[in-house]
Trainee: 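Structure below; questions to follow.
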Amino acid sequence: MVLIFMAKMKYFVSLGSNLGDRARHLKQARLLLEKAGSRILRQSSIYETEPVDYQKQPWFYNQVLEIEIACNPISFLDLVKDIEQKMKRRPAFDKGPRIIDIDILLAEKTVVQTQKLMIPHPRMSFRNFVMIPLNEIAPDLVHPLFHETIADLARTTGDTSSIRKVEEAPQQLAV
């Protein structure tokens, strides 16, 4: 028997929900990530955010997490998609309403550009619903392609959509 050990990797992920009990859906996603072996290192406050691409839908609750898991980016994407499926995500159309959306934003300094996965997330720096919560927990983090801090990128999103904090971040764990 050969055992292969995968080193733990840190990821930043964005959670979003705009159907049903939005706060409960975010909590369920966090619990399922932990059940799958993730350790949540930091989590932002929860924000209520205006839809960006398709406006005729309910507002979202969004949150960003920093997690650690022994998983490569492609395997982690499979895990995230499995969690969305377990939570009964049924996308009606692109950018439409959804129970849960989990996006991988960053994977340490790793850059992945495949048909299946792009890390860093290609639209993250243009979205208040990502950059404001990410800036809350990791302002000094440097984007691996743009070589700018999250704080600098958060100031220049160009996104004019509304965002407001609805729940303060819990006490952060030691990293």
Side-chain angles (χ1 to χ4, degrees), residues 3-108 110-134 137-138 161 163 166-167 169-170 173:
L3 295 176
I4 299 173
F5 292 96
M6 170 72 193
K8 289 186 178 181
M9 245 183 122
K10 290 182 183 176
Y11 293 89
F12 285 89
V13 297
S14 174
L15 307 178
S17 175
N18 73 336
L19 293 176
D21 188 338
R22 299 168 296 174
R24 186 175 66 78
H25 295 313
L26 297 185
K27 181 178 181 177
Q28 183 181 4
R30 291 191 306 268
L31 292 172
L32 289 170
L33 281 164
E34 288 178 318
K35 187 176 179 181
S38 297
R39 181 173 156 237
I40 297 174
L41 303 174
R42 293 184 279 184
Q43 54 186 308
S44 74
S45 301
I46 295 175
Y47 293 84
E48 185 172 43
T49 64
E50 180 179 8
V52 175
D53 294 311
Y54 176 70
Q55 280 84 30
K56 292 184 179 185
Q57 62 180 320
W59 283 40
F60 284 84
Y61 270 19
N62 289 99
Q63 181 178 42
V64 170
L65 309 176
E66 179 186 20
I67 66 167
E68 184 178 61
I69 187 169
C71 212
N72 68 53
I74 298 294
S75 297
F76 186 57
L77 176 63
D78 291 340
L79 182 147
V80 162
K81 294 302 174 192
D82 184 55
I83 289 172
E84 288 180 341
Q85 191 172 29
K86 283 180 182 170
M87 291 183 66
K88 299 186 179 9
R89 177 180 173 168
R90 304 283 185 263
F93 54 91
D94 192 36
K95 311 294 184 207
R98 47 209 176 266
I99 287 174
I100 192 67
D101 185 34
I102 305 173
D103 287 330
I104 302 170
L105 304 174
L106 297 161
E108 297 182 359
T110 302
V111 175
V112 178
Q113 295 193 346
T114 69
Q115 288 281 56
K116 186 176 179 180
L117 177 63
M118 295 186 80
I119 298 175
H121 191 288
R123 292 179 307 282
M124 67 179 272
S125 62
F126 304 106
R127 305 291 195 226
N128 285 340
F129 67 84
V130 170
M131 296 307 294
I132 290 172
L134 180 57
I137 63 173
S161 64
I163 180 169
V166 293
E167 185 179 310
L173 302 174

Trainee: Please report the shortest heavy-atom distance between Ile132 and Ile163, naming the atom on each side.
Mentor: CD1-CG2, 3.5 Å
Trainee: Strictly distance-based, threshold 3.5 Å: is any side-chain N or O of Arg30 a donor or acceptor partner for the main-chain N or O of His25?
Mentor: no
Trainee: Within this structure, what is the CH2-CZ distance for the pair Trp59 and Arg22, rounded to the nearest 0.5 Å?
Mentor: 10.0 Å
Trainee: When rounded to the nearest 0.5 angstrom, what is the spacing between CD1 in Ile99 and CE in Met87?
Mentor: 7.0 Å
Trainee: Check the pair Leu26, Ile46 against side-chain contact (heavy atoms from CB on, under 4.5 Å), reporting the backbone distance first and the verdict last.
Mentor: CA-CA 9 Å; Leu26 297 185; Ile46 295 175; 3.9 Å; yes
Trainee: How long is the straight-line distance from CG of Asp101 back to CZ of Phe60, given to the nearest 0.5 Å?
Mentor: 7.0 Å
Trainee: I'd like to know if the side chain of Gln57 and the backbone of Tyr54 have a donor-acceptor N/O pair within less than 3.5 Å.
Mentor: yes
Trainee: Go through Ile67 and Glu34 one step at a time and tell me if the side-chain contact (heavy atoms from CB on, under 4.5 Å) criterion holds.
Mentor: CA-CA 9 Å; Ile67 66 167; Glu34 288 178 318; over 6 Å; no
Trainee: Nearest 0.5 angstrom please: Leu77 CG to Cys71 SG, how far?
Mentor: 10.0 Å
Trainee: State whether the side chain of Gln63 and the backbone N or O of Ser44 hold a donor-acceptor pair below 3.5 Å, judged by distance alone.
Mentor: yes
Trainee: Donor-acceptor check, side chain of Asn18 to backbone of Arg98, threshold 3.5 angstrom: yes or no?
Mentor: yes
Trainee: Run the side-chain contact (heavy atoms from CB on, under 4.5 Å) test on Thr114 and Val112 for me, step by step, so that the C-alpha distance in whole Å, both residues' side-chain angles and the decisive distance to 0.1 Å come before the verdict.
Mentor: CA-CA 6 Å; Thr114 69; Val112 178; 4.0 Å; yes
Trainee: Determine yes or no for a side-chain-to-main-chain donor-acceptor pair under 3.5 angstrom, with Arg42 supplying the side chain and Glu66 the backbone.
Mentor: no
Trainee: Aromatic contact between Phe76 and Tyr11, with the criterion being ring centroids under 6.0 Å apart: yes or no?
Mentor: yes
Trainee: Are the side chain of Glu108 and the backbone of Lys10 linked by a donor-acceptor contact shorter than 3.5 Å?
Mentor: yes
Trainee: Mind listing the closest non-hydrogen atom pair of Val64 and Pro133 along with its distance?
Mentor: CG2-CB, 3.7 Å
Trainee: Is the backbone of Ile69 close enough, under 3.5 Å, to the side chain of Ser38 for a donor and an acceptor to pair up by distance?
Mentor: no
Trainee: Apply the test side-chain hydrogen bond (donor to acceptor under 3.5 Å, both in side chains) to residues Asp78 and Ser75: give CA-CA distance (whole Å), side-chain angles for both, the deciding distance (0.1 Å), then the verdict.
Mentor: CA-CA 5 Å; Asp78 291 340; Ser75 297; 5.3 Å; no
Trainee: Check whether Glu68 reaches the backbone of Leu41 with its side chain - one donor and one acceptor, N or O, closer than 3.5 Å.
Mentor: no
Trainee: Between atom CG of Leu15 and atom OH of Tyr61, what is the distance when rounded to the nearest 0.5 Å?
Mentor: 14.5 Å
Trainee: So which atom in Leu117 and which in Pro73 form the shortest heavy-atom distance, rounded to 0.1 Å?
Mentor: CD2-O, 3.6 Å
Trainee: First locate atom CZ of Arg39, then atom CG of Leu65, and finally report the distance between them rounded to the nearest 0.5 Å.
Mentor: 13.5 Å
Trainee: Checking side-chain hydrogen bond (donor to acceptor under 3.5 Å, both in side chains) against Arg127, which of Asn62, Asp53, Asp103 comes through?
Mentor: Asp53
Trainee: Taking C-beta and beyond as the side chain, do Leu105 and Val13 meet within less than 4.5 Å on heavy atoms?
Mentor: no
Trainee: Report the C-alpha distance between Ile119 and Thr110 in whole Å, list the side-chain angles of each, state the deciding distance to 0.1 Å, and finish with yes or no for side-chain contact (heavy atoms from CB on, under 4.5 Å).
Mentor: CA-CA 7 Å; Ile119 298 175; Thr110 302; 5.5 Å; no
